[in-house]
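Step one of this worksheet: look at the structure below.
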Amino acid sequence: LSIGGLPTGTTDTFTPNPASGSSTLTVTTTASTPAGTYPLTITGVSGALSHSTTVSLTVNGPDYSLSATPGSRTFLAGGSGTYSVTISPTSGFTGAVTLSVSGLPTGTTGTFTPNPASGSSTLTVTTTASTPAGTYSLTITGVSGALSHSTTVSLTVNVPDFSLSANPASQTVVPGGSGTYSVTISPTNGFTGAVTLSVGGLPTGTTGTFTPNPASGSSTLTVTTTASTPFGTYPLTITAVNGTLSHVVTVSLSVTATVVAFDAVGPSGAGASVTSGSSLNWSHTVTASGSNRLLMVAVAVGAGPDTNRTLAVTYNGVAMTSVGLVHSANQAQGYVQLFALKAPAPGTLPVRVTLSGGNASLEAGSVSFTGVDQTTPVRNVVTSFGTGVSPNVTVTSAPGNMVVDAMVTGCNGTITSSKTLRWLRQVNCLTAGGVGGQSTAAGAASVTMGYTVPTDWWGMIGADIVAAP
C-alpha cells in the first residue's frame with residue numbers, strides 16, 4: 001500500500017504493509033503543516049494488479065474569531081463609551097492578539113485594555129467637545145502573526161443643540177402701536193446654555209426688544225412702531241446664537257392704518273346653552289370707548305330632524321342679520337348659524353335667541369369687535385361640512401382684518417381650536433348639534449380656522465371682518 005497527496009511535513013504509515021484483508025493508515029502532521037483540505041490517493045499493488053481509492057484530509061490550524069458588544073453606542077460630544085471585545089480561540093489557538101480600531105471621527109481616540117490581549121479586551125472611545133455629530137462605522141481589527149480578523153461596531157455622537165420657534169407667526173399693528181412674539185428655545189442632546197437673541201428686518205422707526213436676553217427656555221420679543229412707521233408687511237428674522245451654534249425663525253409684522261380688535265365675549269368663555277328649549281338669553285358688554293363696533297353671535301342647534309326650525313337673534317331688542325348657516329355633514333340633525341350687528345349700542349345689554357318650529361338643544365355665545373368697517377363689516381363668508389375629527393374652513397382675509405368662525409359638531413369630549421377660542425359649549429351627543437364654539441384669528445391673505453373634535457358630523461362658517469378705512 002502507498003499514499004499520494006499528503007501536505008508538506010506529513011508522514012504516513014500502513015499497519016500492516018503489505019497486507020491482506022485490511023490495514024490501518026496513520027497520517028501524522030507537524031506544527032508547520034499548512035491548514036487546508038487535501039485529497040489523498042491510496043494505492044494497492046500486487047504484481048501486475050493495481051487499484052486505488054481516495055479519501056480527504058482536513059488540517060485545521062490554530063485560529064480565533066473576533067466579536068464586539070454592544071453593536072452600537074450613542075453619547076454626547078465630549079463623552080466616552082466602551083465596547084467589550086471577545087477573542088474566541090479555535091483549533092488550539094493560544095496566542096495573544098494585537099488590537100486596533102479605525103473609522104473614528106476627528107478628535108476621537110480609541111484605547112484597548114489590555115492590548116495585546118487573549119480572551120477579551122475593553123475598547124474605550126473618548127470624544128472631545130469638537131467631535132462632529134454623526135454616526136460612524138468603526139472597524140476593530142485583531143492581528144496575531146499571519147492571522148487577521150475584524151468586526152464592526154457603530155458609534156453615534158450627538159452634539160448639544162437647540163431649536164428655535166416663535167408664536168404667533170404674524171402680528172398686525174397700527175403705526176405707533178406694538179406687538180409681542182413669544183420665542184421658545186428648545187434644548188436637545190443636553191444643551192444647557194443661554195442664547196443671545198436678535199431681530200432683523202424691522203421697518204424704519206421700529207424697535208425690537210427681547211426680555212430676557214440672553215435667554216434660556218423662552219423670551220418675549222416686543223416690537224414697537226412709531227407714528228411714522230411705513231405701512232406694509234415685513235418678514236422679521238429672529239436669530240439665536242450660542243457659541244458656534246446659530247438658529248433662526250421668521251415671523252411677520254404687518255403695519256396697517258386700522259386694525260380690527262377683539263372687544264369682549266358673552267356671556268363668558270363657557271358660552272350659554274339649553275338642553276331642550278326654544279329660547280336662550282344672556283348679557284353682552286360692548287365697550288363704550290371703542291369705535292366702529294361690530295357684534296357677532298353664533299348659535300348651534302341640535303334636533304333630529306332640525307327641519308323647519310329657524311332662528312332669530314336680537315341685541316337690546318335690535319334684530320341681528322344672518323350672515324351664514326351650515327348643517328353638520330350637510331344632514332338635518334343639527335346646524336350652526338352666524339349673526340352680525342354693526343354699531344351695537346355700548347353697555348351691558350341683553351342678547352336673545354328665539355327658535356321657531358320646535359324645541360332643540362341650543363349652544364350660543366357672542367363676540368364683539370372694534371375698528372370695523374361700518375359700510376361692509378363682514379365679507380368672504382365661507383361654509384364647510386364633513387365628518388371626522390378635524391373641522392376646518394379657509395377664509396380669504398387681509399392684514400388688519402379679523403377672521404371669525406362658528407362651529408357645530410355632534411358629540412362632547414376634548415375639543416381644541418387651532419386659533420383663539422372665544423367660547424365653547426358642550427351639551428350632549430344626542431344630535432349632530434350638541435356642541436357649539438367660536439374662535440377668532442388675525443387677518444392675513446388666507447386664514448384656515450380649525451378644531452380638533454371627537455369624531456362625528458360637523459359644520460363650520462368662516463367670515464372676514466373688515467377693518468375700518
Find out whether Leu349 and Val286 are in side-chain contact, i.e. whether some heavy atom of one side chain is under 4.5 Å from a heavy atom of the other.
no

Evaluate side chain to side chain contact (heavy atoms under 4.5 Å, CB included) for Thr111 paired with Thr126, printing each intermediate quantity in order.
CA-CA 8 Å; Thr111 304; Thr126 304; over 6 Å; no

Thr256-Ser254 side chain donor-acceptor pair, cut-off 3.5 Å
no

Report, one line per pair, each donor and acceptor closer than 3.5 Å where one atom sits in a side chain of residues 262-277; sequence neighbours left out.
from: Asp263; atom 1: OD2; to: Thr287; atom 2: N; distance (Å): 3.1
from: Asp263; atom 1: OD2; to: Ser368; atom 2: OG; distance (Å): 2.7
from: Ser268; atom 1: OG; to: Ala270; atom 2: N; distance (Å): 3.2
from: Ser273; atom 1: OG; to: Arg425; atom 2: NE; distance (Å): 2.8
from: Ser273; atom 1: OG; to: Arg425; atom 2: NH2; distance (Å): 3.3

Are Arg422 and Val404 side-chain neighbours, meaning at least one heavy-atom pair lies under 4.5 Å?
no

For the side chain of Thr127 and the backbone of Gly78, is there at least one donor-acceptor N/O pair under 3.5 Å apart?
yes

For Asn392 and Ser390, indicate whether the former's side chain and the latter's backbone hold a donor-acceptor pair under 3.5 Å.
yes

Looking at side-chain heavy atoms only, is the closest gap between Val378 and Met296 below 4.5 Å?
yes

Can you find a pair of side-chain heavy atoms, one from Thr206 and one from Val223, that are under 4.5 Å apart?
yes

Nearest-0.5 Å distance, CG of residue Leu421 to CE of residue Met407:
8.0 Å

Holding to salt bridge (Lys or Arg N to Asp or Glu O under 4.0 Å), I want the full list of residues that pass it with Arg379, two or more places apart in sequence or in another chain.
Asp464

Ring-plane angle category for His149 and Tyr64, please: parallel below 30°, perpendicular beyond 60°, tilted otherwise.
perpendicular

Under the 3.5 angstrom rule, does the side chain of Tyr335 hit a backbone N or O of Gly459 as a donor-acceptor pair?
no

Spatial distance of atom OG (Ser100) from atom CG (Asn115) [nearest 0.5 Å]
8.0 Å

With the side chain counted from C-beta on, respond yes when Ile461 and Val393 share a heavy-atom pair under 4.5 Å apart, and no when they do not.
no

Steps toward side chain to side chain donor-acceptor pair (under 3.5 Å) verdict (Thr348, Thr285)
CA-CA 4 Å; Thr348 302; Thr285 301; 2.7 Å; yes

Going by heavy atoms in the side chains, are Ser439 and Met449 under 4.5 Å from each other?
yes

Leu66 to Gly142 - nearest heavy-atom pair and separation
CD2-N, 3.5 Å

Given Ser366, which of Gln438, Met320, His284 fulfils the side chain to side chain contact (heavy atoms under 4.5 Å, CB included) condition?
His284

Applying side chain to side chain donor-acceptor pair (under 3.5 Å), run through Thr394 and Thr448 and close with a yes or a no.
CA-CA 4 Å; Thr394 298; Thr448 298; 2.8 Å; yes

Contact check, side chains of Ser384 and Val326, non-hydrogen atoms, under 4.5 Å:
no

How about Phe339 and Leu295: do any of their side-chain heavy atoms sit closer than 4.5 Å?
no

Check residues 179-205 and write down every donor-acceptor pair under 3.5 Å in which the side-chain atom is one partner and the other belongs to a residue at least two apart or another chain.
from: Tyr181; atom 1: OH; to: Ser252; atom 2: O; distance (Å): 2.7
from: Thr188; atom 1: OG1; to: Asp161; atom 2: O; distance (Å): 3.2
from: Asn189; atom 1: ND2; to: Val159; atom 2: O; distance (Å): 3.2

I'd like to know if the side chain of Thr409 and the backbone of Trp457 have a donor-acceptor N/O pair within less than 3.5 Å.
yes

In Å, rounded to the nearest 0.5 Å, how long is the span from OG of Ser356 to CZ of Arg309?
11.0 Å

Could you go through Asn401 and Ile465, starting from their C-alpha distance and side-chain angles, then the distance that decides it, and tell me whether this counts as side chain to side chain contact (heavy atoms under 4.5 Å, CB included)?
CA-CA 6 Å; Asn401 292 0; Ile465 302 175; 5.9 Å; no

Okay, side chain of Ser121, backbone of Pro114: is any donor-acceptor separation there less than 3.5 Å?
yes

To the nearest 0.5 Å, atom CG of Asp405 lies from atom OG1 of Thr420 at 10.5 Å

